[in-house]
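Have a look at the structure below before the remarks.
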2 protein chains.
Amino acid sequence: MNPDIRRERQNASFNVTELTYILDGGPEKTKRRREIESLVFSDPDFNAEDPNFLSYSERYDQSVRKSAQMILKLREYAIADPEEIHQYKSCVHPGGPSPLDLHLVMFLPTLLNQATPEQMERFFMLTWNLDIIGTYAQTEMGHGTHLRGLETTATFDPATQEFVLNSPTVSSIKWWPGGLGKSSNHAIVIAQLYSLGNCHGLHAFIVPIRDMSTHQPLPGIVVGDIGPKFGFSEVDNGFLKLENVRIPRENMLMKYAKVEADGSYVKPPSSKLTYGTMVFVRSIIVGESARALAKSTTIAIRYSAVRHQSEIRPGEPEPQILDYQTQQYKLFPLLATAYAFSFVGQYMSKIYHRISGDINDGDFSELPELHALSAGLKAFTTWVANSGIEVCRMSCGGHGYSRSSALPDIYVAFTPTCTYEGENTVMMLQTARYLVKSYRQAKEGQQLSGIVSYLNESQNRRLQPQAVAAQPPVVDVNDLSSLVEVYKQRAAILVEMAAKSIHQELQRGKSQEDAWNGSAIELVRASDAHCHYVVVKVFSEKLGEVGDTAIHSVLSTLALLYAMHGIAENSGDFLLVSKSFKMKTCQKHVISVRIKELLSQLRPNAVALVDAFDIHDKKLNSVLGRFDGNVYENMFEWARRSPLNATEVHESFHKYLKPLRAKL
Amino acid sequence: MNPDIRRERQNASFNVTELTYILDGGPEKTKRRREIESLVFSDPDFNAEDPNFLSYSERYDQSVRKSAQMILKLREYAIADPEEIHQYKSCVHPGGPSPLDLHLVMFLPTLLNQATPEQMERFFMLTWNLDIIGTYAQTEMGHGTHLRGLETTATFDPATQEFVLNSPTVSSIKWWPGGLGKSSNHAIVIAQLYSLGNCHGLHAFIVPIRDMSTHQPLPGIVVGDIGPKFGFSEVDNGFLKLENVRIPRENMLMKYAKVEADGSYVKPPSSKLTYGTMVFVRSIIVGESARALAKSTTIAIRYSAVRHQSEIRPGEPEPQILDYQTQQYKLFPLLATAYAFSFVGQYMSKIYHRISGDINDGDFSELPELHALSAGLKAFTTWVANSGIEVCRMSCGGHGYSRSSALPDIYVAFTPTCTYEGENTVMMLQTARYLVKSYRQAKEGQQLSGIVSYLNESQNRRLQPQAVAAQPPVVDVNDLSSLVEVYKQRAAILVEMAAKSIHQELQRGKSQEDAWNGSAIELVRASDAHCHYVVVKVFSEKLGEVGDTAIHSVLSTLALLYAMHGIAENSGDFLLVSKSFKMKTCQKHVISVRIKELLSQLRPNAVALVDAFDIHDKKLNSVLGRFDGNVYENMFEWARRSPLNATEVHESFHKYLKPLRAKL
């Protein structure tokens, strides 16, 4: 092991494994996760070449091979718990998504949720045994977020008892579904249902797209890969153009809505269940934000402990770059953020599971709040993680640009989370809609409960001036609960400003819709402040669960840094919290000094804190982030395997450079 | 042409071509640029496949072919002006750097600047005719920014009159030089010179690395490609390990320093000329920041005019996404920034050329200021552009992730500017060093001149309280000169805070060096504020040169937006400018309202403003950013050329998926 990184570990003030247990949710969870990792990483069937050395087609090929192996092995080991399947998959495909993902996480579950018993009979075993390989085709070239805009049509023909599916325009071509391009032979297609001349909106249809034996596209089907992307290079995201494709009436998923043989349409009983699924997926994405930052900070902090550069004091040896204050200021707040988001992920998963029970009992009362929260936190955490990965990458200097660092791959695999499952700005506006609605309710005198209850207080303050006087005149930068309070007040003020902006636009004669659009900047800012408050609050509350003194101490430092850094970066907002937080020059100086103290306190524990994420070297797949810190030797070994080094002399020399001389 | 984008152009309030002339520096410049573009884009010898469809080796191969063609054509057309060569090259290789770049921009110029007449005699024509293909090998695996840390040694052996070159450690292996991996047969190697037992520091040596005829590596040379990177996929960035490689004494570049036959060392006459080169390169990078943002905003704004999505008013057709306030708030400040940086690039190029004359006359007086300014502005503009490209990409929704958008390629080609030619944080600290030095001089009563003269004023204010009263009580958000003043005061205050932080650290007993490192966060912030002030000032001054009323009007709106957006995003800082800028809730509201007015004013001119950048479709190479706005049809055409679509059925189906069924 590299001596620098060994020394870092010796200096840690807490037990790393105990902290790993907290992050995993208990020692048993850690044990089982490691068992699964060992199953994959010790299995020679999953040996693979670094995808960075392969062509686009070879990457896809390797990924299909591993996906097929994975399905066999999961059944062999009888791994059936969704969380464990996810863990197994993330070891098999550490780089991200794979061609059969949508078969497993969309096609199969949609069948289970929306098929009639007869349809289950026809399709389930074929799907289970991969005779049917399926995907889920919703997004079109011209339509993403706004589902009602989808143009694909499914028109019922009573004469033949078939639906006729069409892509009436170029913009209606299905675009992006994973596994659609080359892997799947069936797709669940979302289309506008027409019957007896009426449009009944979007419904789901099982459409065979390739011959199950030859895999050739079926008549009327134009299907293929949408081409190279920023990341997602193992997945055949595809297009699908439907030209008078006929499917039996029984291929419409009819557990809820139905089209009878005579063409009459039966409405589905209204259901808020899809709401629940969205919440679930978004809470998973919050966890992904935490993991992406955990990986990135692990790489950047370990490398910063190993890398020596420049000089602080002339004539002395080059210091570890982790000793530079600017490097600490780049990385430690992100380390704190990785912890914060991990706990927020746990928190969301916990309340989702609690509320799921209520939903199954028909109690939807808490769902709107959770739905609004999950939308905003999905956007908040993915945006922060997205830029944070790049800060980590660039903190590694030139080597951060090498694919051997893994940081470019982490970034391109992660960045789509800002767009899929709800584009982030749209998500922030959804949360804002809930906040403004709650604000108005509070203003009208309703007592709000739950996470938005602070909007009551902001009304109360206005009514009872003595409450203001009771507040502390200056925030205590050593007290997390005081900081949570400040975040809460900031959120309350920004929600109020957004609501007032709408009000003013209305007074200027604008319509509700234009007033909303004309206040969108303030609305996004309000959502952002609300989410930031929730994160600080959750982190603070998590500390209450931590019994180990040493771990409590280091997590408290992280939580304080997270909160103080957010104040420093948004100091203009916090100024508005004027009664409790006099953001004068001196106060700004106090914050700055306090942040520097926290950075110094964290310095000896930095490597141990990333070690606690316990990311297996084979999962991290980064030369810079290796646990043993032996960076340079391994970077040299990695480079020698570059495809350009397959021959000593590249053919281009003989083809172009040597002949050029004769022409000059 | 797409009707939406045609309508946008009809609505513009100014003459686009006239604005293009301003950006290019005059109608003749525009004409010549277009001539050069036409030379390349109409030349079938430069026809090429989209690199995104090629393997790593094929990309390199195609790039070498085009580079060889380019050298022939440049001589055929007698294009010799460096700016015109740069324009020609950027059309041949619109995606970025190419394998022979370092031969042209580093090897040849270094030879011209540092070779003796005898060395020119030996090497020049061979290099000119590409018998010698050269690169410049400075950076090592373990050493980048801090040059003195380089470990490669060149030890003089008087017995044989040779230098013996070695890479004594793994970390000393030369790493990153472009064209080193496979293309070059010579390298200028920067190494620590040892003679007669003494080390004389870094010097440059011409080292043959491959046989000029067979291209095989020479004895003692281990050379190859460093492997795939985040971008730069056309360049064979390489490694070079030297194992007792012997070169003649005459291969040390000896125009300045010398080693005589007896091993005695002759010092170079001290020279500040390298200072000038750094300034020049950094001023070019500022221009690159402008161009990267110009490309990105062109793509995102044109696409936002064509893309319809969601609804503002229920039941009405889906609006152009450019009508959403949030989309405008993402894109228009970046559009303003692209203009701001274009003018800053012009400004720096102008003062560089003015000062170059002085430098040649031995007058270095203005060089330190220009050096400090160029370091900071390089960092400031590249960081802003770097994140701005990603904002543009993500504003395009899902299609921004497709390589067909060109945005991923713009990002990966641009992001290294944050690290090369001076790592950005290090650059900011260099500027800070100059600012703190100037601040101390002003404090000691010196009258500063040039761009830091505002540091006099901040001292004066302290001495003469009546000056404060003379300042306007609230900034005028409609007056650019008032905003320039506010930016200036913010810079003055942050420089003062950084200087005071150092002072306090010193008072706490820290050494100068530790006090500096302990104030690095404040120092970077001060540099950032200084650069921001310069950009606002230069943009404001540029308006004075614009005679055309319509163009003056739209550029004024852009300049105001640039300044106001900067205030909104850094409102905590501007609060500190407390005397002139009462950042109260009401003031914050005023800023917010004003920004929204400016967005609305710009909306009708947005497409025309990106059209004025006049980026040829073949240079932009983006389906989303096409001039004609015909996005969807062309995206479909592009996708069909994906390598995965070469066969209807990918071989992986027969290899893995079909056999899997039998095993389940």
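Chain naming here is simple, since letters A, B, ... match the order of the sequence lines and numbering starts at 1 in each.
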Using a 4.5 angstrom heavy-atom cutoff, name the option from [options] with the most pairs to chain B.
{"options": "A/Gln327, A/Lys658, A/Gln62, A/Gln328", "answer": "A/Lys658"}
{"options": "A/Ala646, A/Ser511, A/Gly224, A/Ser57", "answer": "A/Ser57"}
{"options": "A/Phe232, A/Tyr324, A/Trp638", "answer": "A/Trp638"}
{"options": "A/Phe53, A/Trp128, A/Tyr632", "answer": "A/Tyr632"}
{"options": "A/Val412, A/Thr326, A/Asn517", "answer": "A/Asn517"}
{"options": "A/Ser183, A/Ala520, A/Ser395, A/Pro314", "answer": "A/Ala520"}

Could you measure the distance from the [atom1] atom of [X] to the [atom2] atom of [Y]? Nearest 0.5 Å is fine.
{"X": "B/Thr425", "Y": "A/Met394", "atom1": "OG1", "atom2": "CE", "result": "9.0 Å"}
{"X": "B/Ile71", "Y": "A/Leu657", "atom1": "CD1", "atom2": "CG", "result": "8.0 Å"}
{"X": "B/Ile226", "Y": "A/Ser642", "atom1": "CD1", "atom2": "OG", "result": "9.0 Å"}
{"X": "A/Glu648", "Y": "B/Thr214", "atom1": "CD", "atom2": "OG1", "result": "10.0 Å"}
{"X": "B/Glu569", "Y": "A/Glu569", "atom1": "CD", "atom2": "CD", "result": "11.5 Å"}
{"X": "A/Arg75", "Y": "B/Leu664", "atom1": "CZ", "atom2": "CG", "result": "5.0 Å"}

Counting only non-hydrogen atoms closer than 4.5 Å, does [X] touch chain A with its backbone (N, CA, C, O), its side chain (CB onward), both, or neither?
{"X": "B/Val524", "answer": "side chain"}
{"X": "B/Leu100", "answer": "side chain"}
{"X": "B/Glu390", "answer": "side chain"}
{"X": "B/Ile133", "answer": "side chain"}
{"X": "B/Val222", "answer": "side chain"}
{"X": "B/Arg661", "answer": "both"}
{"X": "B/Asp211", "answer": "neither"}
{"X": "B/Leu599", "answer": "side chain"}
{"X": "B/Pro217", "answer": "side chain"}
{"X": "B/Met428", "answer": "neither"}
{"X": "B/Arg641", "answer": "neither"}
{"X": "B/Ile521", "answer": "both"}
{"X": "B/Lys663", "answer": "both"}
{"X": "B/Tyr411", "answer": "side chain"}

Looking at chain A, which one of [options] has the largest number of heavy-atom pairs inside 4.5 Å, strictly under?
{"options": "B/Gln325, B/Met212, B/Lys229, B/His143", "answer": "B/Gln325"}
{"options": "B/Pro643, B/Pro228, B/Ser652, B/Ser55", "answer": "B/Pro228"}
{"options": "B/Asn424, B/Val170, B/Val64, B/Asp323", "answer": "B/Val64"}
{"options": "B/Lys241, B/Arg640, B/Arg313", "answer": "B/Arg313"}
{"options": "B/Asp409, B/Ile173, B/Leu407, B/Val223", "answer": "B/Ile173"}
{"options": "B/Glu633, B/Met635, B/His308, B/Glu423", "answer": "B/Met635"}

For the residue pair A/Glu522 and B/Ser592, confirm or rule out a side-chain donor-acceptor distance under 3.5 Å.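 Short answer, yes.
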Does B/Gln216 use its side chain to pair, donor to acceptor, with the backbone of A/Val649 at less than 3.5 Å?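 Such a contact is absent between B/Gln216 side chain and A/Val649 backbone.
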Check the angle between the aromatic planes of [X] and [Y] and answer parallel, tilted or perpendicular using the 30° and 60° thresholds.
{"X": "B/Phe653", "Y": "A/His215", "value": "parallel"}
{"X": "A/Phe239", "Y": "B/Phe636", "value": "perpendicular"}
{"X": "A/Tyr401", "Y": "B/Trp176", "value": "perpendicular"}

Quick test of your reading of the model: are B/Glu318 and A/Arg148 salt-bridged, counting only N-O distances below 4.0 Å?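 Looking at B/Glu318 and A/Arg148, the cut-off is not met.
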Salt bridge check: are B/Arg65 and A/Glu651 linked by an N-O gap of less than 4.0 Å?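 Salt bridge absent between B/Arg65 and A/Glu651.
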Residue that, paired with B/Leu644, satisfies side chain to side chain contact (heavy atoms under 4.5 Å, CB included) out of A/Asn237, A/Asp61, A/Asp236: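 When A/Asn237, A/Asp61, A/Asp236 are each tested with B/Leu644, the side chain to side chain contact (heavy atoms under 4.5 Å, CB included) holds only for A/Asp236.
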Flag the pair [X] / [Y] as yes when at least one side-chain heavy-atom distance between them is below 4.5 Å, and no otherwise.
{"X": "B/Arg393", "Y": "A/Thr415", "value": "yes"}
{"X": "B/Lys182", "Y": "A/Asn645", "value": "yes"}
{"X": "B/Gln504", "Y": "A/His589", "value": "yes"}
{"X": "A/Trp175", "Y": "B/His399", "value": "yes"}
{"X": "A/Gln69", "Y": "B/Tyr656", "value": "no"}

Contact class of A/Asp573 relative to chain B, heavy atoms under 4.5 angstrom: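 Interface part for A/Asp573: both.
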Of all heavy-atom pairs between [X] and [Y], which one has the smallest distance, and what is that distance?
{"X": "B/Gly142", "Y": "A/Gln309", "result": "O-NE2, 3.4 Å"}
{"X": "A/Thr419", "Y": "B/Gly397", "result": "CG2-C, 3.7 Å"}
{"X": "A/Lys596", "Y": "B/Ser501", "result": "NZ-OG, 3.3 Å"}

